[in-house]
Protein chains: 2
Amino acid sequence: MTRNAEKELRAKDIRPSYQRKRILEYLWETKSHPTADDIYQKLHPEIPTLSRTTVYNTLRLFEKHNIIQSVVIESNEMRFDGDVSTHGHFKCLDCQKVLDIPVKDKFKFDLKDSIVMETHIYFRGICPACRKERI
Amino acid sequence: MTRNAEKELRAKDIRPSYQRKRILEYLWETKSHPTADDIYQKLHPEIPTLSRTTVYNTLRLFEKHNIIQSVVIESNEMRFDGDVSTHGHFKCLDCQKVLDIPVKDKFKFDLKDSIVMETHIYFRGICPACRKERI
DNA sequence: CCTTTTTTTGTATTCATTACAATTTTGTAT
DNA sequence: ATACAAAATTGTAATGAATACAAAAAAAGG
């Protein structure tokens, strides 16, 4: 099942401009949790007129509409994830990569007097690949 | 049990200067998860010569020695917590406060091939107080 | 004291993100 | 098609938290 960016944007009443479609498609096809600048660097060759501001605007728009989610692990970098389902992240302190972690539904917190709108879980450590390299 | 900042710093081979002691004591006595600037604003009247750089340096030093932990929820604000035990946080999107959330030991993640050094859990939503106000 | 090391401080810099205004593109009605 | 209005994109300027750096001050150890 290949998702249709144009359709899904229209469904949220967002005009499917070329830039928006490509940004969304890129977030769907990568699992690297890119930063806004990563996305700009990746798409700039293909869309020469693309501006960083458009990338930032678009990401903010998408997040507001729950089409993507932002992943904040370091205070100086905002990463983006095309998968909005609740899942955890693992940041490797060696290679700096951010990996997805399946998180079961064991999350029943006693926050009965609060309204929980978002749940974020992440770990920091050494990923399997880097661990192997260390022998 | 009142903890002794001077002692605990010495135990970690950190010279207990007045600035360092007061920063640590302040983090112990507050549960507000202040930013570096919050800490500066709070201690500045009492220590007129205090500089923001000292606050930043000290916080980084403390975190490296696992005396405090940083709490990153928004990408543009780093907060600090004098409680280094594993616990969750809840950020209220109304009043912006960050509250502690006790987190049981139900966290057994299948990360067997990784080395997990830090676990972070936080929620975003509306806190009990703000929820009541909304009636 | 005097010298060396450590800590603190103020200023300058960095860098991701946002603000803003101008330009371009798109949608709609004539 | 053409003109007009609305929306999206763009480039530049501004913001602001965090860091770099070097000088001044304080502390340690003879």
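Keep in mind that the numbers below use all heavy atoms, side chains included, and drop hydrogens, waters and symmetry copies. Naming convention: chains lettered A, B, ... in sequence-line order (proteins, then strands); numbering from 1 in each chain.
- A 4.0 Å heavy-atom criterion places the boundary nucleotides of DNA chain C facing chain B at C/dT6 to C/dT11, written 5' to 3'.
- For the residue pair B/Asp38 / B/Thr35, a side-chain donor-acceptor distance below 3.5 Å is found, with atom types taken as modelled.
- A/Asp83 and A/Ser85 form a side-chain donor-acceptor contact under 3.5 Å, judged by distance and modelled atom types alone.
- Donor-acceptor pairing under 3.5 Å is recorded for the side chains of B/Ser70 and B/Glu63.
- Checked by atom type and distance alone, the side chain of A/Arg10 never pairs as donor or acceptor with a backbone atom of A/Arg15 at under 3.5 Å.
- The interatomic distance linking A/Leu59 (CG) with D/dA8 (P) rounds to 15 Å, in whole Å.
- The pair A/Lys91-A/Glu74 meets the salt-bridge criterion, since a charged nitrogen lies less than 4.0 angstrom from a carboxylate oxygen.
- In terms of modelled atom types and a separation under 3.5 Å, the side chain of A/His120 and the main chain of A/Glu118 share no donor-acceptor contact.
- When the C1' atom of D/dA8 is taken as reference, atom NZ of A/Lys21 falls 14 Å away, rounded to whole Å.
- With no hydrogens or angles considered, no side-chain donor-acceptor pair links B/Glu46 and B/His44 at under 3.5 Å.
- The side chain to side chain contact (heavy atoms under 4.5 Å, CB included) test with B/Ile67 singles out one residue from B/Leu27, B/Leu9, B/Val84, and that residue is B/Leu9.
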Inset, instruction - Would you give a per-nucleotide map of nucleotides 16-30 of chain D, 5' to 3', where B means the base has a protein non-hydrogen atom under 4.0 Å away, S means only the sugar-phosphate does, and - means neither? - result: -SBBBB---------
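- A donor-acceptor contact under 3.5 angstrom links the side chains of A/His87 and A/Asp81, judged on distance only.
- Between the C1' atom of D/dA8 and the CZ atom of A/Arg22 lies a distance of 18 Å, rounded to the nearest Å.
- For DNA chain C, the stems formed by at least three consecutive Watson-Crick or G-U pairs, with both atom-pair distances below 3.5 Å, span C:1-30 with D:1-30.
- Between A/Ser17 and D/dA8 there is no side-chain N or O to OP1 or OP2 distance below 4.0 Å.
- The neighbour count for A/Lys42 NZ, taken as heavy atoms of other residues, nucleotides or ligands under 6.0 Å away, does not exceed 12.
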